[in-house]
Every structure is written in C-alpha cells, then in structure tokens.
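Note that this is a predicted model, so its numbers are computed, not measured. We count residues from 1, following the sequence as given. Ligands are counted one by one from 1 in listed order, and the atoms in each one are counted from 1 as well.
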Amino acid sequence: MRSPKDFFRPLAVGAPAPVREVPFRPSRMIHFFDPGNEKMAAKIPAIAPTVDVLLGNLEDAVAADRKEAARSGLVNIAKTTDFGDTQLWTRVNSLDSPWALDDLITLVTEIGDKLDVIMVPKVEGAEDIHYVDRLLAQLEAKARIERPILVHAILETATGVANVEEIAGASPRMQGISLGPADLAASRRMKTTRVGGGHPGYLVREDPNPESAAGEARATFQQDLWHYTIARMVDACAAHGILPYYGPFGDIRDTVACEDQFRNAFLLGCVGAWSLHPVQIEIAKRVFSPAPADVAWARKVIAAMGDGTGAVMIDGKMQDDATYKQCQVVAQLADALAARDPELADAYAAAEKE
Ligand SMILES: CC(=O)SCCNC(=O)CCNC(=O)[C@H](O)C(C)(C)COP(=O)(O)OP(=O)(O)OC[C@H]1O[C@@H](n2cnc3c(N)ncnc32)[C@H](O)[C@@H]1OP(=O)(O)O
Ligand SMILES: CC(=O)C(=O)O
Ligand SMILES: [Mg+2]
C-alpha cells in the first residue's frame, strides 16, 4: 500500500497533479448515447445544451461487432462538437474485456483534453482503480494532458458492493460511483429481469385483523429493492468526498416509476442519475434540482439561525445546528445548479419572494 504522503503524487513522470478535491459540477443527468449509432450521434449537438453530462457509451448496449465504430465515433464527435460547459464522459469496456485497453489508449491520446470523466464498469475492488489510475497517468503524460481525467466506478457486482468503501477511496481521481442495478441483480442471483426499479413481489403485507372475517384483503406495500445498496454507496461516497448517482431505469415508457426511483435516490443523497432516452432528461432535471419551495425554506432557516448555533422555532418546527447544516446542503446545491440553469435561478428567486 502506498504511504498516505504519496497519495497525491502523480503516478507517471509528466502526468498532471491529481485533484485534492472533486470539483462539484452539476451532473443531474448523465445522458448515454451510442457514438457509433449515426442517428443518435446526429442528435448530440442539439442535446448537449440540455444536459449536464453527455456520455459516449462503449460498453454494454453496444454490440461486439460495433465496438470499434463506437470508439472511433466518440473520437470524431469529441473533436467536432462544441459542448459548451456540458461535461463529456465515456464508459469504457470492462477491464477483463478485449476492448478496454484500446479504449483507454485511443481515447486518452486522441481526445483526453476533452474528456472530463471515464466511467469504469464492473469495478470489484481498489485494484481495478489502481490499474486504471496508473495507466491514465502514463497516457496523460504521453498526450501532454494538463488536467487529470477523473474516474467513476459502476457498482454492479456483489464483490464491488462488499468493497465499496475501498473503491471510493482508492485514488484522488475517484469522482463518483453509480449504482448498476442490472448487472448487480445478475451477480447477486436476484430473480428479477429488469434494469432498476421495483418489483411487485418484493413487498410487506399488513397484519391480519383479528376482528375481521377470515380471507379479508390485507394491504400490501411494495418495498425498494435498491435501498440497501444506494444507502451504502451514498455513505461510502460521502465518507470519501466523492459523488453518488443512481444509474439506469430501463422501463423507458414508465416515466412515473422512473421519477419515483430517481427521487428516492435524490432524497437519500444522490446527485444525479443516467438518462438512457431523451424522455428521461427532463425527469432527472426536475428530480435532482431541489424544489423552489424547499430552497426558499432552507434560506429562511439559514437567515434565522445566524451562526447556526442554538435553537429557534420557525413555523412550529424546531431548528438547530443539524437542520441548519441540512439547509446549507440544499441551498448550496441550489446555488450551484442556478449558476448553470437560468430558468432554475428565476424559479428560486421567485419562490424566495413569496
Ligand atoms: C444496464 C446498462 O448498462 S444501461 C446503459 C446502456 N444502455 C444504453 O446506453 C441505452 C441507450 N438508449 C438506447 O439505446 C435507446 O434509447 C433505446 C434502444 C433504449 C430505445 O431506442 P429507440 O427504440 O430508437 O427509441 P425511440 O424510437 O423512442 O427513439 C426516438 C428517437 O430518439 C433517439 N434516441 C433514443 N435514445 C437516444 C439517446 N440515448 N440519445 C440520443 N437520441 C436517442 C432515437 O434514435 C430516435 O431518433 P429518430 O426519431 O430520429 O428515429
Ligand atoms: C448500469 C449498469 O451497467 C447495470 O445496471 O448493469
Ligand atoms: Mg452493467
């Protein structure tokens, strides 16, 4: 294990210095597209200003015989598109695949200056991040990249979940972690056949009422299959100063359940989710932007609390140091999003005047 003193030393001569803090950049939706699919790729310049992150996907959902087309398509799009202040990420193939090495070599040397984050699938432990970390440093040095490319891990194997804390802290490059519910379900041998979301069979049932007739219907309540993993991922990320994300919701037509799943993740601490289809962009934007009324309330509490100590009553609710800190989380997120999103800035300003 490296000495803590060496943690922030570049891993190759000529590589840029690692970041000491992960910059918070809005990333409410990570919009996936297949760069080798001409129809999808043609839409990217128009989609770019509407999303926080565009991600050129090279892994699952790209057929084996289209891997090279996806890789070269991404190089071409990155070189020819003006992304404004929208981030460009990629998801490379898994480290045990025949494509991962060429993905990393090609992308960093050709478009490394355009890439903000590389998402690594099926990360199982710190050793996977260490491998990518050193290789990226060598490639950055070779390509004379001036700022480090960050790394995002997908949590999608049982072993990865067991090691999530060490993954989160494996490198100063670690930007965040996304839940990968589809591969994780397979890895855990769950008996689902979906990409994220709930399942009607995973439920609790109210107790029988001894006063009622036998056979009377008893209410059931569907439970969240992902609660444990998301909460664990959020804690690991918060402990290491990196960002947690819900991943994909595969039932594209069920926009209501998608919104619910995204909101559960938002309330538990996630900063964004993946959009697989254009219809999911607005859902993520709505859910991962704090509601104007909540922001106005947070600012009211902060103003009333002064230095944050003591206890006060506001509208019948006790406020103290801990609610003050929660309100700061909401207000700081709102400030960061409003700086990027003028419509949201207007909505926040209007709510404060009410
Ligand atoms: C478990 C995981 O790993 S999840 C991550 C991997 N999966 C992905 O990345 C999937 C990305 N999304 C997709 O491939 C597609 O959205 C699909 C296959 C789910 C649905 O695609 P379609 O059947 O074409 O959907 P639909 O007909 O509604 O598309 C409408 C239009 O939006 C376009 N479109 C669909 N998805 C996207 C996208 N993600 N980005 C940009 N444009 C898109 C389509 O090309 C189509 O264009 P057209 O009107 O010019 O024909
Ligand atoms: C996100 C992803 O890759 C999965 O759910 O498997
Ligand atoms: Mg997966």
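- Shortest contact from atom 16 (O) of ligand 1 to any protein heavy atom: Leu276 O, 3.3 Å.
- For ligand 1, the atoms lying closer than 4.0 Å to a non-hydrogen atom of Lys39 are 45 (O), 47 (O), 48 (P), 50 (O), 51 (O).
- Using modelled atom types, one finds a donor on one side chain and an acceptor on the other under 3.5 Å when comparing His31 with Ser275.
- A side-chain donor-acceptor contact under 3.5 Å links Thr229 and Arg188.
- When only interatomic distances are considered, the shortest N/O to N/O separation between Ala182 and ligand 2 falls below 3.5 Å.
- Defined by atom type and a distance below 3.5 Å, a donor-acceptor pair is missing between the side-chain atoms of Arg91 and Ser178.
- Protein heavy atoms all stay at least 4.0 Å away from atom 24 (O) of ligand 1.
- Taking every non-hydrogen atom of Pro248 and a distance limit under 4.0 Å, the qualifying atoms of ligand 1 come out as 4 (S).
- Counting protein heavy atoms only, atom 14 (O) of ligand 1 is closest to Met40 CE, 3.3 Å.
- Under the 4.0 angstrom criterion for non-hydrogen atoms, Gly247 is not in contact with ligand 2.
- Residue Trp274 has at least one heavy-atom neighbour below 4.0 Å for each of these atoms of ligand 2: 1 (C).
- From the protein, the heavy atom lying nearest to atom 17 (C) of ligand 1 is His277 CD2, 5.0 Å.
- For Arg20 and Phe8, the positive end sits near the middle of the six-membered ring, less than 6.0 Å away and at most 45° from its axis.
- In this structure, Asp6 pairs ionically with Arg9, as a charged nitrogen and a carboxylate oxygen lie closer than 4.0 Å.
- Shortest distance from the Mg ion (ligand 3) to Asp183 is reached at OD2 (N/O/S atoms only).
- Of the polar atoms of Arg91, at least one N or O is found under 3.5 Å from an N or O of ligand 2, judged by distance alone.
- For ligand 1 and Ala61, the ligand atoms under 4.0 Å from any heavy atom of the residue are 6 (C), 7 (N), 8 (C).
- In summary, the atoms of ligand 1 found under 4.0 Å from a heavy atom of His31, numbered by their order in the structure, are 38 (C), 39 (N), 40 (N), 41 (C).
- Considering backbone and side-chain atoms alike, Phe32 places an N or O below 3.5 Å from some N or O of ligand 1.
- Between Lys43 and ligand 1, a contact under 3.5 Å exists for at least one N or O pair.
- A side-chain donor-acceptor contact under 3.5 Å links Tyr348 to the backbone of Pro290.
- Of all the heavy atoms of Arg91, the ones lying under 4.0 Å from any atom of ligand 1 belong exclusively to the side chain.
- Less than 4.0 angstrom separates some heavy atom of Asn57 from each of these atoms of ligand 1: 6 (C), 9 (O).
- For atom 40 (N) of ligand 1, the nearest protein heavy atom is under 4.0 Å away.
- Ligand 2 has no nitrogen or oxygen under 3.5 angstrom from a nitrogen or oxygen of Pro248.
- Contact annotation for atom 27 (O) of ligand 1: protein absent (non-hydrogen atoms, distance under 4.0 Å).
- In this structure, Ile47 has a heavy atom closer than 4.0 Å to ligand 1.
- Inside a 4.0 Å radius of atom 35 (C) of ligand 1 there is at least one protein heavy atom.
- Of the protein's non-hydrogen atoms, Pro278 CD, 3.4 Å is the one closest to atom 37 (C) of ligand 1.
- There is no protein heavy atom less than 4.0 angstrom from atom 44 (C) of ligand 1.
- His152 and Trp89 have tilted rings, their planes meeting at an angle from 30° to 60° on a 0 to 90° scale.
- Taking a cutoff of 4.0 Å between a charged side-chain nitrogen and a carboxylate oxygen, Asp60 and Lys122 qualify as a salt bridge.
- Side chain to side chain, Thr323 and Gln319 meet the donor-acceptor criterion of an N or O pair below 3.5 Å.
- Near Asp60, meaning under 4.0 Å from one of its heavy atoms, ligand 1 places the atoms 6 (C).
- Under the 3.5 Å distance criterion, with hydrogens and angles disregarded, a donor-acceptor pair is assigned to the side chains of Asp103 and Asn93.
- Ligand 2 has a nitrogen or oxygen under 3.5 angstrom from a nitrogen or oxygen of Glu156.
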